[in-house]
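All chains are named by letter (A, B, ...) in the order of the sequence lines, taking the proteins before the strands, and each is independently numbered beginning at 1. Values reported hereafter were calculated over all heavy atoms of this structure, with side chains retained and with hydrogens, waters and symmetry mates removed. For clarity, every value in this text was computed on a predicted model and none was experimentally measured.
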2 protein chains.
Amino acid sequence: MTTLNRRIRAHIEQRILSGDWPPGHRIPFEHELMAEFGCARMTVNKAIAALVDAGLIVRRRRGGSFVAEPRVHAPVLAVPDIRAEVETRSRRYSHKLLMRRRRTAVAGNAVERQLAGAADLLELECLHMADDRPFAFEERQISLAAAPSAEDVDFSVTPPGTWLLDAVPWTEAEHRIAAINADKRIADLLDIKPHTACLLVERRTWRGEVDVTHVRQIFPGSDYDLIARFTPKS
Amino acid sequence: MTTLNRRIRAHIEQRILSGDWPPGHRIPFEHELMAEFGCARMTVNKAIAALVDAGLIVRRRRGGSFVAEPRVHAPVLAVPDIRAEVETRSRRYSHKLLMRRRRTAVAGNAVERQLAGAADLLELECLHMADDRPFAFEERQISLAAAPSAEDVDFSVTPPGTWLLDAVPWTEAEHRIAAINADKRIADLLDIKPHTACLLVERRTWRGEVDVTHVRQIFPGSDYDLIARFTPKS
DNA sequence: CAGTGGTCTAGACCACTCC
DNA sequence: GAGTGGTCTAGACCACTGT
């Protein structure tokens, strides 16, 4: 058993999270919900106020109450798994492997040569989708010296980041975060207008001294932001 | 002007944030606050419920309502000081104070009201320069409840972030990082083309439960990036 | 200017828990 | 058992805003 205002809240929340009421959709007026649940207006109001607090709903006098536009947050301080993040937001994840090849490190590129070590690199490009809409573009190099089993994985089934988090332990990572304007290729891939601001996340991951993988992920700025919560360094 | 339940909330909050009512202290019963403010119980209840939500108060049936014990967190990152960063790169730092005013929190803005506490906000806008070229635009609100001495500082001499880092100890911060296209005003201020991708860094900083300052910093994407280096969380 | 949400009132009954 | 908070009711007046 639970309280009435929580049931009303859950009722609305479920319709939003299930996609039944998409962003921008007008939810029933307070008096309609009063009739539907047979209760006082304060009770409906309390339920909706909680959803406003949670950022799921915005209210406008005279206009009504509307499902808020979603924004996805990710912690800066964890290595993000895009699939997990998409699914946390009750959106359906899928991905497309755009490119996969094995190659040697470019001789003049010190960073690549350090990553490759004594072996080859596996180079991948993929597109992450949320509800069949492009969510992020990813370019990745994996060191076959550090993760030889990557050679045998079908990355069109498991996204590379998800597989790596599971299969290859890491001890240290470095993020570089910047803003870029989408060029034509990125705009096409992400289905956004050229020149739209995007968040670029570059990450290098090590296991001990061994360089495991480098990745560049590009997110449309309107869809994604990073969150870091922390305390002063000792 | 503000609502009664917010005034009651502010009244209680101020006593907690000032240390007048330490953690574990029992706050007045609902019926006492009803008498003190001459209002209905629901109004008092709404005020206290918001403080429970904010984690400032815990309630026990029959026992009463008590000031909550503050949380503790593990250290991880650092709050950047733009002056220090510019100077680290061997560029000459300067800044311009564009706006300074004292005002009350916007009643409908819960985040601002939490920041303000029982006092006013100091609102600042400034432009950070590296070698006399614009480097970042900053909008900042400082809680005069948390940092009353900010009222007397000449921020055209010391940049607000630098002063705060020195003058006001903090225990917790939260970054939100996103990519945005520069609008006309930002483009003018930063001397870049409109629509250029910029990095938006929003930071909230607390001392214990007390909200100290909020800041929005906008950097041209081409000039700036953020680096975070870390190890897996325990 | 009609209709929405924002806020408040003055009650009520109940569950829990400390004394 | 007495007193707290948890929840809910059935009203009310007001501010704002879209038509």
Side-chain angles (χ1 to χ4, degrees), chain A residues 1-13 15-16 21 23-69, chain B residues 1-13 15-16 21 23-69 103-114 116 118:
Chain A
M1 203 50 190
T2 171
T3 65
L4 178 53
N5 83 73
R6 284 178 178 279
R7 281 202 300 280
I8 298 172
R9 179 183 171 173
H11 175 263
I12 298 170
E13 204 168 37
R15 276 180 169 57
I16 295 175
W21 292 346
H25 181 266
R26 212 211 71 234
I27 74 168
F29 298 122
E30 293 194 350
H31 66 80
E32 294 175 323
L33 291 165
M34 284 170 67
E36 182 175 350
F37 289 91
C39 66
R41 195 177 143 217
M42 278 284 308
T43 307
V44 170
N45 191 280
K46 190 169 182 176
I48 299 182
L51 292 170
V52 170
D53 253 27
L56 278 178
I57 281 181
V58 292
R59 313 196 79 179
R60 283 193 291 274
R61 278 179 164 108
R62 166 78 201 198
S65 303
F66 301 84
V67 177
E69 298 294 331
Chain B
M1 197 52 191
T2 174
T3 65
L4 178 53
N5 83 73
R6 286 176 179 277
R7 281 202 299 280
I8 298 172
R9 179 182 169 173
H11 174 264
I12 299 169
E13 206 168 35
R15 277 180 168 59
I16 297 175
W21 292 347
H25 181 266
R26 211 211 73 234
I27 74 169
F29 298 121
E30 292 194 351
H31 70 262
E32 294 175 322
L33 291 166
M34 285 171 65
E36 181 174 352
F37 289 90
C39 66
R41 194 177 145 217
M42 278 283 309
T43 307
V44 170
N45 191 280
K46 189 168 183 177
I48 300 182
L51 292 170
V52 170
D53 253 26
L56 279 178
I57 281 182
V58 292
R59 314 195 77 179
R60 282 193 291 275
R61 278 181 166 103
R62 166 76 202 197
S65 303
F66 302 84
V67 177
E69 300 293 332
R103 65 171 175 85
T104 56
V106 172
N109 186 329
V111 171
E112 264 200 9
R113 293 212 63 263
Q114 196 206 325

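At most 12 heavy atoms of other shown residues, nucleotides or ligands fall within 6.0 angstrom of atom CZ in Arg6(A).
Counting to the nearest Å, the P atom of dG3(C) and the CZ atom of Arg26(A) are 14 Å from each other. What separates CD1 of Ile57(A) from P of dG6(C) is a distance of 11 Å, to the nearest Å. Following rounding to the nearest Å, Ile12(B) (CD1) and dG5(D) (C1') show an atom-to-atom distance of 14 Å. Atom pair Asn45(A):CG and dT4(C):P shows a separation of 14 Å (rounding to whole Å applied). Distance CZ (Arg9(A)) to C1' (dG6(D)): 16 Å, rounded to an integer number of Å. Atoms CZ (Phe29(B)) and C1' (dA2(D)) sit 12 Å apart, rounded to a whole Å. In this structure, CE of Met34(A) is placed 13 Å from C1' of dG5(C), rounded to the nearest angstrom.
A search for ring pair (Phe, Tyr, Trp, His ring centres under 6.0 Å) contacts involving Phe37(A) returns His11(A), not counting sequence neighbours. Among residues two or more places apart in sequence or in another chain, the side chain to side chain donor-acceptor pair (under 3.5 Å) test is passed with Arg61(B) by none. Partners of Arg62(B) under the side chain to side chain contact (heavy atoms under 4.5 Å, CB included) rule, at least two apart in sequence or in another chain, do not exist in this structure.
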Protein and nucleotides 15-19 of chain D: nitrogen or oxygen contacts under 3.5 angstrom:
from, atom 1, to, atom 2, distance (Å)
dA15(D), N3, Arg61(A), NE, 3.4

Below 3.5 Å is the cut-off: list the nitrogen or oxygen pairs between protein and nucleotides 8-11 of chain D, distance only.
from, atom 1, to, atom 2, distance (Å)
dC8(D), OP1, Leu4(A), N, 2.4
dC8(D), OP1, Asn5(A), N, 3.4
dC8(D), OP2, Asn5(A), ND2, 2.7
dT9(D), OP2, Ala40(A), N, 2.8
dT9(D), OP2, Thr43(A), OG1, 2.5

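Legend: ring-ring contact (aromatic ring centres under 6.0 Å, His included) pairs involving residues 43-63 of chain B, not counting sequence neighbours: none detected.
Residues Leu33(B) and Ile12(B) meet the side-chain proximity criterion, which asks for heavy atoms closer than 4.5 Å. Considering only heavy atoms from C-beta on, Thr43(A) stays 4.5 Å or farther from Thr3(A) through its side chain.
Pairing each heavy atom of Val52(A) with each of Arg59(A), the nearest pair is CG2-CG, 3.6 Å. What you find for Gly64(B) and Phe29(B) is that their closest heavy atoms are CA-CE2, 3.9 Å.
Taking only side-chain nitrogens and oxygens, His31(B) never comes nearer than 4.0 Å to OP1 or OP2 of dG3(D).
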